[in-house]
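Atoms within each ligand, like the ligands themselves, are counted from 1 in listed order.
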Amino acid sequence: MYQKVVCVEDPEEPPGCRQSVSACAFPAQAPALTFRQRHFPTASEQDWNDWRWQLRNRITSLKKLGRIIALSDSERQAMAFNGATLPLAVTPYYASLISPDNPGQPIRRTMVPTVSELLVSQGEEHDPLGEDGHSPVPGLVHRYPDRVLFLATDYCSSYCRYCTRSRMVGKRKGHSLARWQKAIAYIAANPAIRDVLLSGGDPLTMAEEQIEWLLSRLRRIPHVEMIRIGTKAPIVLPQRITPELTAMLRKYHPLWMSIHCTHPDELTPEAARACTMLADAGIPLGSQTVLLAGINDSVETMRKLMHGLVKIRVKPYYLYQCDPIMGSAHFRTPVSKGLEIYQGLRGHTTGYAVPNYVIDAPGGGGKIPLIPETVVGRDGNDLLIRNYEGNVYRYPDVIGAASHNS
Ligand code: SF4
């Protein structure tokens, strides 16, 4: 039977959102406190610290947004089309980080639509990564032999304007137990799959019981060695990381987490605390960052972000060239900019703070690493290699030597 697992009050709300919960003890930080008192004067500290309150009070309309920020003409015009492409949604917490008067502020640009996203440029597509063509059952993408992407929900607490899956997220379809069961049956029937990435949408917007349902079913499959969760919750909804959630997650190790982050201004005490709680639960944390024009496309900003992540126990994992989704030209940088940033990190800071710079190949070719040329040639047996300062060194290469195992 097709069973929709959605909240009856509002299909955009995650299940269980009306249940009473013990809000985690999250100290209100000064900017968030000022913002709450100004824009949500009847909300208590307990409300603010309750992730379900944050979801119920998301900013989703022109009217609400216009009360919080002074909208530019471009933002106001784009909001007339809100929902035609990707809807607007921002948690009150994340909205507290948005500049009310500067339309160019990085966090504001990632959340508030502008007319630029209505312009479609050459090469842009709804599904540039060809995920739909690699989907053996709905909600599952099987592109690499040993791993699958499990799109558990189309719901996010806040919608990023450059989202690769803008074709499908925020479309109010809710979650389907029947879809989940088909995806799990597919994984169980394919012994080559050893790694499952739970993503969406944002899986951590779901109730604990639902996340646990998925994790427990996946853990019953003997060949699934590793489960990963892709989420932006610690950054846009840090209140979601509760002791109850981490206690549940730690039952399903080895569990890894990829945290989507964009700018150093996101690394607030709240985000730091959320990441610390996850790390303390034994979950290795990696980051995923999209390179975005005018938002994080400088060595200085990216270095600050990567250093900040390492400080809160998140290993910088991927720096993505922005995917050519429809209306993304204003976010995309030349690849040469990404290589310049990579070069500005590699060797200038610890390797732990250097992410892999990749293009997710259009059409479904998978992630292809981009690395500035370091092998500059040969001189006899010597390999000529260039270091981070541009100096060339010789390495006495071993040519034609017998294998140690022979
Ligand atoms: S959190 Fe991820 S899935 Fe959700 S809108 Fe942002 S990029 Fe897309």
Only residue of E124, R161, E125 satisfying side-chain contact (heavy atoms from CB on, under 4.5 Å) with S328 is E124
- Any donor-acceptor pair under 3.5 Å from R108 side chain to P100 backbone: yes
Taking only non-hydrogen atoms of G201 and a 4.0 Å limit, the atoms of ligand 1 in range are 3 (S)
Rounded to the nearest 0.5 Å, the CG atom of N49 sits from the OG1 atom of T242 at a distance of 12.0 Å
Only one of C160, C156, S258, S157 passes side-chain contact (heavy atoms from CB on, under 4.5 Å) with K232, and that residue is C160
Sorted by chain and number, protein N/O/S atoms nearer to atom 6 (Fe) of ligand 1 than 2.8 Å are C160 SG
Paired with M302, the side-chain contact (heavy atoms from CB on, under 4.5 Å) test is passed by just one of V354, D297, N296, namely N296
So ring pair (Phe, Tyr, Trp, His ring centres under 6.0 Å) across residues 86-138, not counting sequence neighbours, yields none
